[in-house]
Amino acid sequence: MASKLQPIRGTRDLLPEDCRAHARVEEACRSVAERYGYGEIRTPILELTPVFSRSLGDATDVVQKEMYTFEDRGGESVTMRPENTASVARAVLSNGLLNEMPLKLHYAGPMFRYERPQKGRYRQFHQIGVELYGVPEPAGDVEVIAMGADVLAELGLLEQTRLEINTLGDAESRVRYRDALVAFLRERQEGLSEDSKDRLERNPMRVLDSKDAGDQALVADAPSIFEHLTDEARAFFDAVQDGLTALGVDHKVNPRIVRGLDYYCHTAFEFITENLGAQGTVIGGGRYDGLMEQMGGPALPGVGWAGGIERLAMLAAGGVEARRPVAIVPLGEEAEKRALVMAHDLRRQGHVIELGYRGNLKRRMQRANKVHASHAVIMGDDELARGIVTLRDLDSGEQAELSIDSVSEGLPVHG
RNA sequence: GUGGCUAUAGCUCAGUUGGUCAGAGCGCCUGGUUGUGGUCCAGGAGGUCGUCGGUUCGAGACCGACUAGCCACCCCA
């Protein structure tokens with residue numbers, strides 16, 4: 001069984017139950033996004049490789065070792081999207097949406113990353129996300145973060161998560177800070193873990209967020225970004241925090257929140273849970289004012305986040321039940337024909353109808369019970385002759401007779 | 001990519017120091033007679049014990065490789 005017919009490592013089939021859980025997360029995002037006036041966008045899963053390599057940063061782990069990149073039959077290097085922000089940015093440019101500012105978009109769909117699979121981490125995984133373009137003000141950050149909190153609230157996950165935010169500063173702050181941090185770390189290079197020595201070269205900010213105990217101790221009194229912020233960057237971050245406070249969005253500043261992708265600046269934030277082991281980030285995002293330019297477009301500010309559908313679905317587990325059907329149980333050929341028509345009519349009226357394909361009364365009742373039907377509409381020769389059906393409440397066992405033409409009046413109201 | 005743990009029926013798992021060990025519960029199927037499910041009772045069908053090699057008179061049990069899952073690192077949603 002676990003032989004050759006298994007899915008590719010890190011991918012999995014989503015069975016009806018999984019799909020319902022995913023749909024619930026997607027619906028939560030969609031309904032929140034609509035309230036904020038965000039339109040849905042769907043971009044291709046395949047993009048030309050530079051769409052990602054140029055925007056995420058050549059040195060990032062995602063680009064260096066996690067992308068599904070290959071040559072298509074035309075000899076073009078293409079990549080299965082490892083995230084959606086770059087794709088959406090590309091779409092904004094491709095479709096001339098630059099005149100539609102501010103531009104508010106949300107999405108849901110599969111992403112691909114060649115990582116070692118773990119719980120909450122798959123090679124094909126799914127994300128929901130929102131992107132806000134053309135708003136350089138901190139109000140944009142506040143709105144976007146509030147949307148994240150709303151989605152979590154919609155899913156009943158607010159209690160299980162906490163919001164941590166940080167600022168990466170503007171370009172000037174970042175350069176200043178980076179220099180200071182690198183200088184600090186270089187002096188203590190010998191004490192760093194191997195991983196962090198490597199980080200020092202590639203992405204020094206990441207050292208701050210190392211889980212190595214030695215690194216953490218060493219980094220405890222490293223210079224802080226806050227000492228190196230320009231006045232503008234500081235004011236920006238303060239405004240974001242004030243905005244969140246005004247909206248009652250609880251948050252905590254964590255100077256160790258860092259982004260792994262190059263396009264981020266200013267605000268970085270994560271909604272984190274303790275209930276998923278090492279993969280605790282459930283929604284992560286920030287501001288990416290430089291992204292458009294890096295992609296060859298005009299300067300255009302952006303903020304957004306992405307949320308892991310699998311992770312959110314796991315946290316929100318349980319409670320996703322399909323609507324209970326009504327089972328129609330015909331007995332005899334004549335009734336069978338009538339049942340087909342009745343099922344059709346009732347379905348058109350919006351009822352969930354389960355019509356067995358075969359079997360005697362007992363078999364069909366068992367089937368009705370198995371699909372957790374709320375009622376059974378029984379009709380045999382007796383009933384047909386009298387122009388009625390027997391309606392049985394499968395929870396209470398009570399039965400009543402109804403006119404065959406007004407069956408829907410006895411059925412639960414659908415929603 | 002690194003380290004560790006795991007891999008037995010559809011699912012959850014038992015299988016003692018290698019020799020009737022191929023099992024249980026749940027699920028599934030069929031009955032308990034003719035138009036009433038959920039409970040109960042009785043039967044039944046499902047596994048070449050992840051794959052491939054090796055050790056041994058003999059391996060589901062020991063060893064190796066591979067594959068996959070899980071945990072941590074890493075990375076990130």
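Every value quoted in this text rests on a predicted model; they were computed, and no experiment measured them. Chain identifiers are assigned alphabetically (A, B, ...) following the order of the sequence lines, protein sequences preceding nucleic acid strands; residue numbering begins at 1 within each chain.
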Output the single nucleotide from [options] whose closest atom is nearest the side chain of [X].
| X | options | value |
| --- | --- | --- |
| A/Lys119 | B/rC71, B/rC76, B/rC75 | B/rC71 |
| A/Thr390 | B/rA72, B/rC75, B/rG35 | B/rG35 |
| A/Gln127 | B/rG38, B/rA77, B/rC73 | B/rA77 |
| A/Ala306 | B/rG37, B/rC71, B/rA77 | B/rA77 |
| A/Glu66 | B/rU36, B/rG69, B/rC75 | B/rC75 |

Between [N] and [X], counting only base atoms on the nucleotide and side-chain atoms on the residue, is there a donor-acceptor pair under 3.5 Å?
| X | N | value |
| --- | --- | --- |
| A/Arg311 | B/rC76 | yes |
| A/Glu383 | B/rG35 | yes |
| A/Asn369 | B/rG38 | no |
| A/Gln399 | B/rU36 | yes |
| A/Arg116 | B/rG3 | yes |
| A/Arg392 | B/rG37 | yes |

Exercise. Using a 4.0 Å cut-off on protein heavy atoms (strictly under), produce a 5'-to-3' string for nucleotides 42-49 of chain B with B for base contact, S for backbone-only sugar-phosphate contact, and - for none.
Key: --------
Between [N] and [M], how many Å separate the two [atom1] atoms, rounded to a whole number?
| N | M | atom1 | result |
| --- | --- | --- | --- |
| B/rG23 | B/rU39 | C1' | 27 Å |
| B/rU8 | B/rC62 | P | 14 Å |
| B/rA65 | B/rA22 | C1' | 26 Å |
| B/rU12 | B/rU17 | P | 26 Å |
| B/rA9 | B/rG47 | C1' | 5 Å |
| B/rG64 | B/rC28 | P | 42 Å |

Self-check item: Quiz item: cation-pi between A/Arg42 and A/Tyr107, 6.0 Å / 45°
Solution: no
Exercise. Look at the aromatic rings of A/His22 and A/His126 and report parallel, tilted or perpendicular, splitting at 30° and 60°.
Key: perpendicular
Quiz prompt | Runs of at least three consecutive pairs that involve RNA chain B, where pairs are Watson-Crick or G-U with distances under 3.5 Å | solution = B:1-7 with B:67-73, B:10-13 with B:23-26, B:28-32 with B:40-44, B:50-54 with B:62-66
Quiz item: Residues from residues 201-214 of chain A sitting under 4.0 Å of RNA chain B, heavy atoms only?
Solution: A/Arg206, A/Lys211
Quiz item: So does A/Lys362 get a side-chain nitrogen or oxygen closer than 4.0 Å to the phosphate oxygens (OP1/OP2) of B/rG32?
Solution: no
Exercise. Using a strict 4.0 Å threshold on nitrogen-to-oxygen distance, state whether A/Arg162 and A/Glu274 make a salt bridge.
Key: yes
Quiz item: Is A/Arg358 atom CZ crowded by more than 12 heavy atoms from other residues, nucleotides or ligands, each under 6.0 Å away?
Solution: no
Quiz item: Taking A/Tyr38 as the fixed residue, which of A/Lys104, A/Glu143, A/His106 is the one that meets the side chain to side chain donor-acceptor pair (under 3.5 Å) rule?
Solution: A/Glu143
Quiz item: With syn defined as a glycosidic torsion within 90 degrees of 0 and anti otherwise, which applies to B/rG50?
Solution: anti
Practice problem: Using the side-chain hydrogen bond (donor to acceptor under 3.5 Å, both in side chains) rule, take A/Thr281 and A/Glu270 through it: C-alpha gap first, then chi angles, then the decisive distance, then the call. | Solution: CA-CA 6 Å; A/Thr281 300; A/Glu270 292 182 6; 3.0 Å; yes
